[in-house]
Amino acid sequence: MVLLYYAAVAAGLFLFLHYLLSDFRRAILMGLVFSTFTLTALPWHLVPFDAAAFSCQLGFLLLAFTWFMMRKNRGHAIRLALNGYLLGLLALEFVLLVYLLISQNSGYGTGLVVWLLVKSILPVLALGFMAPFDSTDLRLIRNVIIAGATLTALRLFAVNTGAAPTEELARVTLGIDASPINVARIIGLGASLLIVWLLLTRKENAVRTIALVALVGFLSYAVAVTGSRGPLVTAVLIVPATFVFLGHGSGTRRGIVVALLLGLVLVAGIVLFLPAAVLEHAGIQRVLVYLETIGTNTNDIVRLDLLAAAWDGFLASSGIGVGTGGFEALYGVPGYRYPHNLVLEVAASYGVIGLVVLLLLLFATVRQIVKVSCRREQDINIRPLLALWFYALFNAMVSMDIAGNYALWVLGGLVWLLSPRAAAGTTWATPEAGLGRSG
């Protein structure tokens with residue numbers, strides 16, 4: 001597995017160099033998407049300085065802004081980038097900044113302000129400066145996310161630090177590079193994209209379909225061994241979300257139902273024939289135990305207590321909020337900095353003002369998803385990319401803080417860049433479209 005991982009990394013770097021020499025814009029887009037969503041895939045533990053991964057993302061952000069300055073049609077790119085969604089994100093950032101004034105944990109609060117800017121707002125702006133996207137761009141974005149998730153899974157088995165001895169921490173990790181939940185989310189992102197891709201596209205090539213299903217199984221197993229149930233559950237929830245919001249047309253919906261039933265039969269068959277040693281893995285056992293004892297295990301009890309504390313804090317503050325990063329002081333227990341639910345975190349920290357901004361962003365994005373998905377002529381990669389926003393949304397309801405849920409914010413920005421307005425003047429409306437423009 002170690003040799004396979006490093007061979008895959010080498011192949012990825014070679015492909016990036018090929019793009020860098022032949023198509024500078026797409027090389028930047030490739031690096032921007034990779035560093036935004038799947039940065040933990042690379043062996044950063046081999047690099048002799050700590051900020052290597054973060055510097056990589058900043059480097060691609062800088063390259064995206066540099067390429068924008070080299071464009072001839074900068075005015076069009078600015079109009080695409082400065083859309084209502086980005087303005088809403090900036091409004092949310094402003095709320096975080098203002099609420100630092102009443103925070104009782106300004107150190108953590110300042111970190112939230114900075115990380116929301118760097119990990120979410122700047123990538124959304126950079127993607128806007130790279131837009132509009134044609135068919136080849138969308139295929140590249142899709143493939144990079146899947147490849148990054150696969151590399152992360154390979155790295156998990158190749159260089160993981162092993163499982164900790166206690167039941168609570170019995171899960172495969174990548175050491176200090178990333179928490180198990182973050183690793184699971186990254187891998188689950190690729191698995192979810194593949195699941196929706198299989199649901200919404202024609203299965204004309206049986207060999208490729210079997211290979212993709214096998215890859216979904218591998219990625220799902222990798223998520224399971226991290227001991228993180230959230231990404232697994234949300235990968236399942238993305239199926240009904242796809243059915244409701246993206247499965248327009250009876251034929252498509254029938255296909256989704258049939259694919260879902262076949263998938264359930266396949267999963268049941270795989271589980272029945274899996275060796276006992278696989279199911280006895282500490283991470284998988286952790287997931288199974290927590291699913292069987294949902295609502296009554298220690299982890300869930302603490303989570304429910306955090307949710308209640310956030311709601312009580314919102315009411316106690318008369319809807320004003322306790323300030324950016326102030327939840328830890330509100331809860332009164334060191335180490336519990338957020339309630340593991342985006343809506344309640346915003347309610348407790350930023351009150352009614354924050355809630356209004358957040359809900360407007362979420363509802364506007366859902367409306368945009370429905371609008372984009374209803375287009376009769378569109379690239380086959382659009383709906384799978386739209387579905388990823390629901391995966392990120394479901395995850396944001398069960399873990400991470402407002403800055404840690406960067407995938408939700410960046411994917412929301414991507415949704416707006418797939419709108420009919422953004423597509424004007426491009427050729428990605430058909431799967432066979434070529435480059436469409438030189439930039």
Side-chain angles (χ1 to χ4, degrees), residues 36-38 85 89 92 119-120 145-146 149 152 178-200 216 219-220 222-224 226-247 256 259-260 263-264 267 287 290-291 294-295 299-300 303-304 306-307 310 338-347 355 358-370 372-373 383-415:
T36 297
F37 295 110
T38 60
Y85 179 82
L89 263 187
L92 186 62
K119 298 289 289 184
S120 299
I145 292 175
I146 294 172
T152 304
S179 66
I181 181 63
N182 192 45
V183 172
R185 281 186 170 197
I186 292 170
I187 300 172
L189 192 71
S192 298
L193 182 54
L194 279 170
I195 289 170
V196 179
W197 172 261
L198 288 169
L199 289 176
L200 296 180
V216 170
L219 295 178
S220 300
V223 173
T226 67
S228 305
R229 53 185 167 156
L232 280 177
V233 174
T234 52
V236 174
L237 290 176
I238 202 173
V239 175
T242 300
F243 181 91
V244 172
F245 291 97
L246 305 176
I256 291 175
L260 178 59
L264 291 174
V267 170
V287 172
Y290 277 10
L291 288 176
I294 188 168
N299 187 279
D300 285 352
R303 293 286 183 95
L304 292 172
L306 291 170
L307 299 180
Y338 48 91
H340 293 76
N341 179 281
L342 179 63
V343 174
L344 287 176
E345 178 191 358
V346 170
L355 270 179
L358 173 68
L359 294 179
L360 283 176
L361 270 174
L362 297 183
F363 286 129
T365 304
V366 171
R367 182 174 178 272
Q368 193 78 350
I369 287 174
V370 173
V372 174
S373 65
R383 288 185 181 179
L385 290 174
L386 295 178
L388 286 188
W389 184 83
F390 292 104
Y391 170 83
L393 177 65
F394 297 150
N395 271 295
M397 295 301 114
V398 294
S399 70
M400 293 291 189
D401 57 24
I402 191 170
N405 282 298
Y406 57 87
L408 175 68
W409 308 122
V410 180
L411 288 168
L414 182 60
V415 166

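Any value given below was found using the heavy atoms of this structure, including those in side chains, with hydrogens, waters and symmetry copies removed.
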I need the minimum non-hydrogen distance between [X] and [Y], along with the two atoms involved.
X	Y	answer
Asn299	Arg229	OD1-NH2, 3.4 Å
Tyr85	Gly413	CE2-N, 3.1 Å
Thr226	Val223	OG1-O, 2.5 Å
Leu388	Leu193	CD2-N, 3.7 Å
Tyr391	Pro231	OH-CB, 3.6 Å
Val415	Leu386	CG2-CD2, 3.9 Å

Distance from [X] atom [atom1] to [Y] atom [atom2], nearest 0.5 Å?
X	Y	atom1	atom2	value
Leu414	Thr36	CG	OG1	10.5 Å
Leu408	Thr365	CG	OG1	7.5 Å
Ile186	Leu189	CD1	CG	8.5 Å
Ser220	Ile195	OG	CD1	5.5 Å
Leu307	Met397	CG	CE	11.0 Å

Show the numbers, then the answer: is there a side chain to side chain contact (heavy atoms under 4.5 Å, CB included) between Leu385 and Val372? CA-CA 11 Å; Leu385 290 174; Val372 174; over 6 Å; no
Backbone N/O of Ala403 and side chain of Trp409: donor-acceptor pair under 3.5 Å: no
For Val398, does its backbone N or O pair with a side-chain atom of Asn341 as donor and acceptor, under 3.5 Å?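 Not confirmed, Asn341 side chain does not pair with Val398 backbone.
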Please list all pairs meeting side chain to side chain donor-acceptor pair (under 3.5 Å) that have one or both residues in residues 393-408, counting only residues at least two apart or in different chains.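 Those involving residues 393-408 are Tyr108-Asp401, Arg185-Ser399, Arg185-Asn405, Thr234-Asn395.
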Please identify each residue that fulfils ring-ring contact (aromatic ring centres under 6.0 Å, His included) with Phe37, with sequence neighbours left out. none
Walk me through it: do Val366 and Leu393 pass the test side chain to side chain contact (heavy atoms under 4.5 Å, CB included)? CA-CA 11 Å; Val366 171; Leu393 177 65; 5.6 Å; no
Walk me through whether Met400 and Asn182 qualify under side chain to side chain contact (heavy atoms under 4.5 Å, CB included). CA-CA 9 Å; Met400 293 291 189; Asn182 192 45; 3.9 Å; yes
Before you tell me yes or no, could you show the steps for Leu355 and Val343 under side chain to side chain contact (heavy atoms under 4.5 Å, CB included), namely the whole-Å CA-CA distance, both residues' side-chain angles and the distance that decides it to 0.1 Å? CA-CA 7 Å; Leu355 270 179; Val343 174; 3.9 Å; yes
